Number of protein chains: 2
Amino acid sequence: MSNLVSFDGRVVIIGFGSLGPGVLPLLLRHFNLDASRVTIITAEERGHDIADKYGVTFINDPLTPENYRDRLIPLLKKGDFLLNVSVDVSSLALIELAWDVGAFYLDTCIEPWAGGYTDPGLSPSQRTNYALREAALKLKAAGKQPTAIITNGANPGLVSFFTKQALLDIARDTGMETTVPASRQQWAELAQKLGVKVIHVAERDTQVSATQPKQRGEFVNTWSIDGFVGEGCQPSELGWGSHENHFPADGRRHDFGSDCAIYLMRPGASTMVRTWTPTEGAFQGFLITHNESISIADYFTLKDGDTLRYRPTVHYAYHPCDAAVLSLHELAGKTWRQQPKQRLMMNEISAGVDELGVLLMGHAKGAYWYGSQLSIAQARELCPHNNATSLQVTATILAGMVWALENPERGLTEPDEMDFQRCLEIARPYLGPVLGVYSDWTPLERREELFPEDLDHGDPWQFKNFRVV
Amino acid sequence: MSNLVSFDGRVVIIGFGSLGPGVLPLLLRHFNLDASRVTIITAEERGHDIADKYGVTFINDPLTPENYRDRLIPLLKKGDFLLNVSVDVSSLALIELAWDVGAFYLDTCIEPWAGGYTDPGLSPSQRTNYALREAALKLKAAGKQPTAIITNGANPGLVSFFTKQALLDIARDTGMETTVPASRQQWAELAQKLGVKVIHVAERDTQVSATQPKQRGEFVNTWSIDGFVGEGCQPSELGWGSHENHFPADGRRHDFGSDCAIYLMRPGASTMVRTWTPTEGAFQGFLITHNESISIADYFTLKDGDTLRYRPTVHYAYHPCDAAVLSLHELAGKTWRQQPKQRLMMNEISAGVDELGVLLMGHAKGAYWYGSQLSIAQARELCPHNNATSLQVTATILAGMVWALENPERGLTEPDEMDFQRCLEIARPYLGPVLGVYSDWTPLERREELFPEDLDHGDPWQFKNFRVV
Ligand SMILES: NC(=O)c1ccc[n+]([C@@H]2O[C@H](COP(=O)([O-])OP(=O)(O)OC[C@H]3O[C@@H](n4cnc5c(N)ncnc54)[C@H](O)[C@@H]3O)[C@@H](O)[C@H]2O)c1
Ligand SMILES: NC(=O)c1ccc[n+]([C@@H]2O[C@H](COP(=O)([O-])OP(=O)(O)OC[C@H]3O[C@@H](n4cnc5c(N)ncnc54)[C@H](O)[C@@H]3O)[C@@H](O)[C@H]2O)c1
């Protein structure tokens, strides 16, 4: 796999933290992209040496609501690509700008301007990813071009592709005859027919450093620390399935938009759920809000007029690397005041795998996990300046950029609407083992041995059974 | 400080895990104890090399309810000392045996026979430390001799001495004239007069290994892993103060005994509270059950007939070493099935301090922490075969054994009833910096910035404000 797409435009990369340096070599490798056609705009010196190594222009000049048009418009013309892998720069502002100049756009989340995730002046509902997505969907309705892809990293992003592949696998393995669905409606009908009630994005990151333990006052992670703290302090959010019989006491509905998701009146960084991955087995992960929890739930919704017929519950269940678990614990102890130091683990990682996939539950075979088990060793072999976590993201960015250029007139697009097979084909060489595993695990396993709990024994797949209280 | 007491008896040490090897050199140093007068009975080969190094008899032959009398009676005569630093061997059985032969006794907890902490056949109330202590108090009532000290480690143990010193310090610093109280009644009156509402045993263990991170499937700790998992799976317990206005929804009272403590219908290993220590500042610790939560609350109780007049809320707020935080997280994820591997951190510790003290709150100066900040480096200088955690325990064992020999006819005794000044005098050279620090921290600090919470703003010292939900 070398040149994937013919592209003679320029690429402007916003942000050069963990993802920027990781995606740059992929673009240079697969786009026949001359380094002189790439510009980085970022907010600090981090990564300057890497940019220099590749001969790419590096501009340390933070974008703000006031300056971003002046800074970016001179750098972009029709057919160029604006890639946003920053924090604190509004995705929606950049998309409108990209459309104004006729440039393609891609990001891996929907980012607000600085402080948007934790602005105490906003209501919890306004600080959700649901609200950010609804704002993006309004832009989509305007129907502008060219293709602008949002939320296309590993998760959100890749996991939407995994979900579709997992549904086809379960259909095959339960003897259900099916062709690849051709529409959103058909996909949702397949999920319903299979009886899928719950979809976790079930991730266990075991990357660890044998030489640099987390220090006090240091937040350590395998990807953006600011990004993780930001989303961790947002309200916990989940797509709310049609099978759910117990609305959480701290759950709230939004009074606008599709109503496909709810939020909890607490930060995701202090909300835990039981889940399962093949290597780890059962574990507890954080129910951090993520855009895929909302977009996948929305995509697989079936309605009869205004009446909900089917929707899976969808949410993240994230066991970050051990040092990040400790960092979250410390952060909570400091009542969400971010640590003075941060460390993105990269060269010091000595071992570990980012086991990231979707866990589809409630169907005839119980639970099915489908995803990537990329190790740090394999990530290093495959592409420089990546760890296992970033490569799962940057490979999907690559796939999304290729797909955008191949499908230039799709306007604002979510991963759920893209060609999952084409995208998986492009990303897969960088994902390590990609596989599906069935399990008879349920969240009722071994419960109540020592203490009675408030459980629904009639339906293991109720959210209240997963939630750690 | 060399020979502390004249003793020509024999010492039988049950268990030789983390505490056994740590206390042995202290006894040999301060008891003029010939190695030939020491026998170790344990359940595995661990520590055999250390015993050999000191020339002490090492017997690997687990005690059981069936064999313990046959094994121990030949080894003990009047005036000897039975020291129990094992897990899974009943303290009460050993105390009765010690009294039968006329031997002194000391342990650092009240241990049931194997499985007692997590026997699903017992009710949660029966699995509490409150129940274990009530059973011990029944033995006490029998009035047998010689002195048998229970729960005399660092905590429980040392922290009872710290509490008394802290009360005297606060009295001094608030200009309250007082002499050292001479009775339980007077101590409780002092605490009441000072307005102490809450006492945390606030501990932050920062010991860490820069070469051996926790592995998957491994429980790592700086002291007994079996002991910690056992107490972590017991119900969370706390002495329940007279100022408390909000009885926890999951709280339960016992229908027997002094009623000084309550328990929660959940394991302490999943129950967290906000607390504070001088070096760490604010943090979240585990509300693991401990005997001191009950004995200190009981000791400082004032009643008018049957009516409760005063009692502080007392509980543990424990931040174990980082690797143990991760171990607990994994254990919870496996629904309390203990990890297949365990590792007691000792030589591989590269840095860290066990900051262990009592945090007295609600008085005129807010909060006062008094305790030991022993570092691993200092512990290693002071005594071989110890880390910072074990030395705080073994120094207190030493103090307790000396005190028992100096006070041979006290029958069953809790640390709260011992001479705290004599015991601190003996232990102190092994505790590193021992100091008191005032703080204006309260559990309401920085709360509700992002989400409303169910708090009592009228009284910061209510348990519901400390608890993490
Ligand atoms: N979908 C996914 O799977 C996924 C995975 C990882 C990260 N992300 C998201 O991607 C984004 C980047 O992640 P990362 O791990 O590379 O983050 P990072 O924190 O490592 O780097 C962020 C970069 O943004 C730059 N930046 C900050 N403020 C800026 C400004 N005002 N103008 C220009 N640049 C600015 C920083 O200097 C830094 O280079 C984050 O929003 C993160 O949430 C998504
Ligand atoms: N009060 C305190 O501050 C404090 C602190 C640490 C430990 N403790 C308690 O002290 C005890 C010992 O702690 P540790 O850290 O040394 O524990 P450990 O787990 O390191 O060692 C326990 C020892 O007991 C032995 N043992 C197990 N079953 C036995 C049996 N049936 N017969 C004889 N020996 C047996 C084991 O072989 C081992 O040598 C535990 O009960 C623990 O809870 C109290």
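Just the heavy atoms: all of them, side chains too, but no hydrogens, waters or symmetry mates, feed the values below. From a predicted model like this one, the values you see are computed outputs, not experimental measurements. We name chains A, B, ... by the order of the sequence lines, and we start the count at 1 in each one.
Contact tally against chain B (heavy-atom pairs below 4.5 Å) for A:R274, A:H319, A:E453: the top residue is A:H319. Interface check for chain A: of the options B:R446, B:E449, B:Q284, the most heavy-atom pairs under 4.5 Å are formed by B:R446. Taking chain B as the reference chain and counting heavy-atom pairs below 4.5 Å, the highest number among A:Q234, A:R127, A:M272 is found for A:R127. Among B:M265, B:Q212, B:E330, B:K214, the residue making the largest number of heavy-atom pairs under 4.5 Å with chain A is B:M265. Note on B:P267, B:P120, B:P124: by heavy-atom pairs under 4.5 Å with chain A, the leading option is B:P267.
Under the 3.5 Å distance criterion, the side-chain polar atoms of B:R266 are matched with a main-chain donor or acceptor of A:V469.
Contact check for A:T335 versus B:E445: no side-chain heavy atoms found under the 4.5 Å cut-off. Side-chain contact between A:C233 and B:L450 is present, with heavy atoms from C-beta onward closer than 4.5 Å. No side-chain heavy atom of A:R447 sits less than 4.5 Å from a side-chain heavy atom of B:W336. Two residues are said to be in side-chain contact when any heavy atoms from C-beta on lie closer than 4.5 Å; B:T211 and A:T211 fail this criterion. Between B:E280 and A:K334, some side-chain heavy-atom pair lies under the 4.5 Å cut-off.
If you measure heavy-atom distances from A:S209 to chain B, the contacts under 4.5 Å come from the backbone alone. Contacts of A:L331 with chain B are absent, with no heavy-atom separation under 4.5 Å from either backbone or side chain. Contact of B:T279 with chain A is made through backbone and side chain together, with heavy-atom distances under 4.5 Å. Proximity to chain A involves both the backbone and the side chain of B:R337, based on heavy atoms less than 4.5 angstrom apart.
No option in A:V208, A:T206, A:D322 other than A:T206 meets the side chain to side chain contact (heavy atoms under 4.5 Å, CB included) test with B:R216.
In this structure, A:H329 has its ring center at least 6.0 angstrom away from the ring center of B:H329.
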